[in-house]
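Below is one structure, written out as C-alpha cells; the observations come after it.
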Amino acid sequence: MLPSRRGRPARVTAFAALLLVTAAAGALAGCGDTGGLRDAGATAAARSPARLWPGLPPASSPAYDIGEVEHARVEGVAVPGGDIRGADPVAAVRAEIAAHPDDYAGTGARYHETSARMADCGTENPENTEDTGDAGDTEDTAHDGCPVLRPYYRDLTGDGRPEMALGFRLLPGRLTAVRVYTVEKDRLVRVMSYDDAVSAVELAGRAVVVRSPSEVAGYEYRLQWTWDADQRAMLLTSDEMLRADDGGDGGDGGDGGDGDDGGHTGRPSPSASPSPSPSSPSSASSPSPSGDAP
C-alpha cells in the first residue's frame with residue numbers, strides 16, 4: 001500500500017513553522033544585544049588631590065604686578081554717536097604712542113620704528129565703517145608700511161554693541177600689540193592690552209584667543225581673555241601650553257631676552273596706559289574686520 005500523501009504536507013508545514021520560530025528567536029536575541037550594556041572593565045579608583053606642604057602659609061597678595069586689569073580711557077579719539085565703528089583705529093594707536101614716549105620716541109626707544117612708520121598710515125579711518133565683508137578680502141594693514149592692522153568688530157561684553165579688536169606691530173622687533181576697545185559714555189576705553197610674538201589671534205565667541213610660539217618644539221601657548229563685568233575689562237582666564245594644531249615646530253622662540261625679537265614673553269606684559277576712568281561699557285555686535293570676522 002502506498003504511503004499516504006497527507007503526511008508530507010503536514011511535516012513540511014511543521015518544519016516551516018519551526019524555521020520561523022527559530023528565526024524570530026534569533027532576531028529577538030539580536031535586538032536584545034543592540035545598545036546593551038557591556039562590561040568596560042575595572043574602573044580606576046578616584047584619587048583626591050594631595051596637598052603638599054600644608055603648613056606653608058598661604059600667600060595673600062601676588063608676587064608681581066603684571067597689570068592684569070586694563071581699563072584706560074583713550075584721550076583725544078572721538079567716538080561719533082557712541083558707535084565704535086566711527087572711532088579711528090590709527091588715532092587710537094597714535095594716542096597710545098603719545099602717552100608712552102619712552103617706548104616709542106627717539107632712536108633709542110624700543111619701538112621707535114613703529115612711531116616712525118605711523119606716517120605711512122595716513123589720516124583716514126581704514127575701512128572701519130563697514131558691517132560686512134570676508135576677512136580674506138582685505139589687506140591686514142591700512143596702508144603699505146603702516147604698522148596698524150585692520151580692526152575687527154564683535155560684541156565681546158554681551159551688551160549687543162561691538163567692541164573693536166585692534167593690533168599693531170611693535171617694530172623693529174617681531175612683537176604684535178593686541179588691544180580691545182569699548183565705548184563708555186561716548187568715550188573710547190581700552191579694556192585689553194597684550195604684547196607678544198603672535199602666531200594667530202582669534203575671536204572665539206566672546207573671547208579673544210592669542211596663540212604664540214613656544215620654546216618647546218611642537219607646542220604653542222594659547223591665552224584667552226574673557227569679559228568680566230565686575231572689573232569692566234577683559235581678564236586673562238586661560239593660559240596653557242598645548243600641542244600645536246599642525247603638529248609642527250611650535251617655533252624657535254627667537255633669542256629670548258626681553259622678547260622683542262620673538263618668542264613668548266612668559267606672561268601677559270603690562271602696557272603702561274593712561275589712568276583708568278570709571279564709566280559704563282558700551283560695546284559689541286558681530287565681528288567684522290571693518291566688518292564681520294569669519
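What you see is a predicted model, and the numbers here were worked out from it, not measured in a lab.
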Practice task
Can you see which heavy atom on Pro213 is nearest to which on Tyr221, and at what distance?
Solution key: O-CD1, 3.5 Å

Completion exercise
Of all heavy-atom pairs linking Ser212 and Val210, the shortest is OG-CG1, 3.9 Å

Fill in the blank from the handout: To the nearest 0.5 Å, atom CG of Leu170 lies from atom CG of Asp196 at 10.5 Å

Problem - Test item: side-chain donor near acceptor, Tyr152 and Arg154, under 3.5 Å - result: no

Practice task
Kindly indicate, with the supporting measurements, whether the criterion side-chain contact (heavy atoms from CB on, under 4.5 Å) is fulfilled by Thr114 and Phe168.
Solution key: CA-CA 8 Å; Thr114 294; Phe168 59 96; 4.3 Å; yes

Exercise for the section: Over all heavy atoms of both residues, which pair between Val198 and Ala200 is shortest? Give the atoms and the distance, please. Expected result: CG1-N, 3.4 Å

Exercise for the section: Please test Trp225 against Leu235 for side-chain contact (heavy atoms from CB on, under 4.5 Å), starting from the C-alpha separation and ending with a verdict. Expected result: CA-CA 5 Å; Trp225 281 261; Leu235 298 187; 5.6 Å; no

Fill in the blank from the handout: Taken to the nearest 0.5 Å, the spacing of Asp239 CG from Arg222 CZ works out to 12.5 Å

Exercise for the section: Find out whether Val189 and Tyr181 are in side-chain contact, i.e. whether some heavy atom of one side chain is under 4.5 Å from a heavy atom of the other. Expected result: no

Exercise for the section: Using a strict 4.0 Å threshold on nitrogen-to-oxygen distance, state whether Arg94 and Glu96 make a salt bridge. Expected result: no

Completion exercise
All heavy atoms of Val191 vs all of His71, minimum pair found to be CG1-CD2, 4.3 Å

Practice task
Following the transitive rule for hydrophobic clusters with a side-chain heavy-atom cut-off under 4.5 Å over Ile, Leu, Val, Met, Phe, Trp and Tyr, establish whether Val69 and Val208 coincide in one cluster.
Solution key: no

Exercise for the section: Go through the steps for Val178 and Met192 under the test side-chain contact (heavy atoms from CB on, under 4.5 Å), then give the verdict. Expected result: CA-CA 8 Å; Val178 180; Met192 175 194 156; 3.8 Å; yes

Exercise for the section: Provide the full list of side-chain hydrogen bond (donor to acceptor under 3.5 Å, both in side chains) pairs with a residue in residues 200-210, sequence neighbours left out, each pair given once. Expected result: Glu202-Arg211

Completion exercise
Taken in chain and number order and not counting sequence neighbours, the residues that satisfy side-chain contact (heavy atoms from CB on, under 4.5 Å) with Val79 are Ala87, Val183, Leu188

Exercise for the section: State plainly whether the residues Asp195 and Arg179 are in salt-bridge range, i.e. N to O under 4.0 Å. Expected result: yes

Exercise for the section: For residues Glu184 and Arg232, determine if any side-chain heavy atom of one lies less than 4.5 Å from a side-chain heavy atom of the other. Expected result: yes

Problem - Cluster overlap Trp227 with Val201, hydrophobic side-chain contacts below 4.5 Å - result: yes

Practice task
Might you confirm whether atom CZ of Arg187 has over 12 heavy atoms from other residues, nucleotides or ligands at distances under 6.0 Å?
Solution key: no

Problem - Heavy-atom pair of closest approach, residues Ala204 and Val209 - result: CB-CG2, 4.2 Å

Practice task
State, yes or no, whether a side-chain contact exists between Pro147 and Met118 at a heavy-atom distance under 4.5 Å.
Solution key: yes

Exercise for the section: Could you tell me the separation between the CZ atom of Arg190 and the CG atom of Leu166, rounded to the nearest 0.5 Å? Expected result: 10.5 Å

Exercise for the section: Working to the nearest 0.5 Å, report the span between CG of Asp186 and CD1 of Ile84. Expected result: 11.5 Å

Exercise for the section: For residues Val90 and Cys121, report the shortest heavy-atom separation together with the two atoms involved. Expected result: CG1-CB, 3.9 Å

Handout entry: Spatial distance of atom CZ (Arg243) from atom CD (Glu220) [nearest 0.5 Å]
Key = 11.5 Å

Handout entry: Interatomic spacing from OG1 in Thr226 to CG in Leu236 - rounded to 0.5 Å
Key = 8.5 Å

Problem - pair Pro89-Met164: side-chain heavy atoms closer than 4.5 Å - result: yes

